[in-house]
Each structure stands twice: as structure tokens, then as C-alpha cells.
Amino acid sequence: MEVVIAPAEELAVLAADAIEALLRRRADTVLGLATGSSPLKVYDELARRHAEEGLSFAEARGFMLDEYVGLDADHPERYRNVIATEIAERVAWPAERVQGPDGLAADLPAACAAYEEAIRAAGGVDLQILGIGTDGHIAFNEPGSSLASRTRIKTLTKQTREDNARFFDGDVDRVPTHCLTQGLGTIMDARHLVLLATGRHKAEAVHQLVEGPVSALWPATVMQLHPHATVLVDEAAASRLQLADYYRQTYASKPSWQGL
Ligand code: GLP
């Protein structure tokens with residue numbers, strides 16, 4: 001696992017560089033997309049490169065991590081709509097090439113199985129962007145999630161609903177109680193995991209993710225078992241890392257030919 005500690009703007013550039021390198025190598029790259037505030041600067045940087053440098057998403061495929069259950073099709077916080085606004089429309093990504101689990105399906109387990117199959121049929125995810133919840137969840141894999149889980153329905157914790165109430169006019173009662181989410185096993189199948197975290201409120205989750213024992217109590221710790229995982233954090237999110245100096249030293253002396 002590589003840990004990079006840098007200001008948020010630099011982290012976004014590093015993540016965008018990794019995505020651009022993939023897209024330039026293979027136009028039909030498969031990207032894993034995350035919602036939440038953590039990837040927003042990356043999406044801004046990709047939109048800039050699309051507008052100013054012609055970076056094309058026309059042939060790429062996108063798979064979202066998760067979706068609320070039951071939000072109306074036109075609800076602005078429905079993750080499908082969030083991803084459309086935050087990234088897909090800004091880079092002229094054809095709508096049919098970006099998919100998410102269907103939180104409005106009549107048969108939710110069937111929708112989850114179909115989503116797993118769609119990811120497999122696309123050849124799997126090349127690079128998965130991730131954020132992390134303050135309780136250590138990735139996607140919506142809350143504490144207690146099986147480390148081998150696949151796409152399924154989950155109940156959101158009180159903490160996550162409170163954290164996300166800011167997107168629902170601060171009213172926790174308007175945050176859905178359930179979601180569909182890629183499982184930890186699904187996420188672990190992606191070929192490169194790139195997690196972004198900024199702010200002191202993420203420091204404990206980041207410490208556990210990088211340095212804690214692998215445990216369902218801190219679901220993101222499963223990433224320690226991934227052969228290619230990158231953790232991009234600012235100083236505040238890195239403030240509880242025991243080996244922060246070593247991560248800094250490693251990154252400072254990294255050969256320039258080695259990307260993320
Ligand atoms: C949500 C999303 C996660 C995201 C997390 C952190 O619950 N389902 O994918 O990583 O929140 O959000 P933020 O980046 O806004 O802190």
C-alpha cells in the first residue's frame with residue numbers, strides 16, 4: 001500500500017494523472033466512480049483536462065460504487081444524478097457507458113446480481129476511486145461487512161446517515177435508510193484502488209485503514225490485502241498515522257518513472 005501525504009490539490013492531480021495514463025493507453029478503460037466530497041477535486045481536474053487538453057471519455061466505461069434505495073429518479077442526491085452532474089456530463093461521457101446499481105429496481109437482489117455481471121462483462125474495473133467514511137466504510141460497506149461481500153443491499157448506520165444529512169438540507173430523516181453497494185470483494189477485484197481522504201475527521205479511519213488490524217469493524221482495512229492500493233491523504237487526514245515520516249520519505253525518494 002502506498003501512502004502519499006500532500007495538499008488536496010496535489011492529490012487530485014496525482015489521481016487524475018493515473019486516470020489519464022490509463023485512458024491514453026486504452027480508450028475503453030473501465031473506471032470505478034465514487035460519490036461524496038472526497039473525489040470532487042479529481043473530477044474538477046478531469047473536467048479541466050477534457051475541456052483544455054481533449055482528454056476523452058467517449059469510449060471509457062464507468063461503474064459506480066453504490067446507490068441509495070428508493071430515491072426518486074430525478075432526486076438530485078440519487079447517486080446516478082450526482083455522478084452525471086459531477087463528472088459524466090462535464091466530460092461528455094455517453095450516459096449509457098456509466099452505470100450504477102439500480103436502487104429503484106422492483107427486485108433488488110436481481111439488480112445487484114445483474115450489476116456484478118455487468119462489471120464482469122466489461123472486463124472488470126481498471127482503476128477504482130474511493131473515499132472513506134468516518135467509520136471506515138468504503139462505498140457503503142458499513143462496519144461488520146463481510147470482507148468477501150459482493151453487491152447487495154445494506155442498512156446505513158446512524159453515523160453515515162448523520163454524516164450525509166448535509167446533502168439533505170441537514171435533515172437526517174430524509175437520508176434513506178438503505179442502499180445498494182458493491183461489496184468489499186467486488187471492490188477488491190479492481191486492478192488499482194485509489195482512495196482519497198482529507199480533513200481531521202478522517203484521521204482515525206485513515207490510521208485504521210493503513211495501520212490497523214484487518215477487520216470487518218473497519219471495512220477499509222481489507223485494502224491492506226490488495227496488491228495495488230494507493231492512499232492519498234492531506235496532512236490533517238494523515239495526522240494519526242504512526243509511520244507518517246516513513247511514508248513521506250518513501251514518496252520523496254520515489255523514482256520519477258514510477259507512477260502511482
Ligand atoms: C458516502 C459514500 C462513500 C464515500 C463516503 C465519504 O457514504 N457512499 O463512497 O466515500 O460517503 O464521503 P465524503 O467523501 O463526502 O467524506
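Each ligand, and each atom within it, is numbered from 1 in the order the structure gives. Side chains are part of it too, since the values below use all heavy atoms of this structure and drop only hydrogens, waters and symmetry mates.
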Check: E77 and R174 side chains under 4.5 Å, non-hydrogen atoms: no
Stepwise side chain to side chain donor-acceptor pair (under 3.5 Å) test for Q159 and D163: CA-CA 6 Å; Q159 174 75 60; D163 285 351; 2.9 Å; yes
Nearest-contact summary for atom 6 (C) of ligand 1 - protein heavy atom, Å: I132 O, 3.5 Å
For F140, the ligand 1 atoms whose distance to one of its heavy atoms is below 4.0 Å: 1 (C), 7 (O), 8 (N)
Side chain, backbone, both or neither: the part of H201 lying under 4.0 Å from ligand 1 by heavy atom: neither
Heavy atom of the protein closest to atom 11 (O) of ligand 1 (residue, atom name, distance): H137 NE2, 3.7 Å
Heavy-atom proximity to atom 10 (O) of ligand 1, best of A205, S38, G131: G131
Nearest-neighbour protein heavy atom for atom 8 (N) of ligand 1, which is reported as residue plus atom name and distance: D66 OD2, 2.8 Å
Shared hydrophobic cluster for L33 and F167 (ILVMFWY, side-chain gaps under 4.5 Å): yes
ring-ring contact (aromatic ring centres under 6.0 Å, His included) contacts in which one or both residues fall within residues 183-214, not counting sequence neighbours: H192-H228
R26 with D126: basic N within carboxylate O range, under 4.0 Å: yes
Atoms of ligand 1 close to S37 [distance to a heavy atom under 4.0 angstrom, numbered from 1]: 13 (P), 14 (O), 15 (O), 16 (O)
Side-chain (S38) to main-chain (A197) donor-acceptor, under 3.5 angstrom: no
Close approach of R166 to ligand 1, heavy atoms, under 4.0 angstrom: yes
Heavy-atom proximity to atom 9 (O) of ligand 1, best of G36, A139, A197, A220: A139
Y79 contact mode with ligand 1 (heavy-atom cut-off under 4.0 Å): side chain
Proximal atoms of ligand 1 relative to N164 (non-hydrogen, under 4.0 Å): 1 (C), 7 (O)
Proximity to ligand 1 by part of A34, non-hydrogen separation under 4.0 Å: neither
Donor on one side chain, acceptor on other, S145 and R152, under 3.5 Å: yes
Donor-acceptor under 3.5 Å (T198 side chain, A8 main chain): no
Student check: side-chain heavy atoms of L130 and L193 closer than 4.5 Å: yes
Residue, atom name and distance, where the atom is the protein heavy atom closest to atom 4 (C) of ligand 1: T35 O, 4.1 Å
Closest protein heavy atom to atom 16 (O) of ligand 1, given as residue, atom name and distance to 0.1 Å: K202 NZ, 2.6 Å
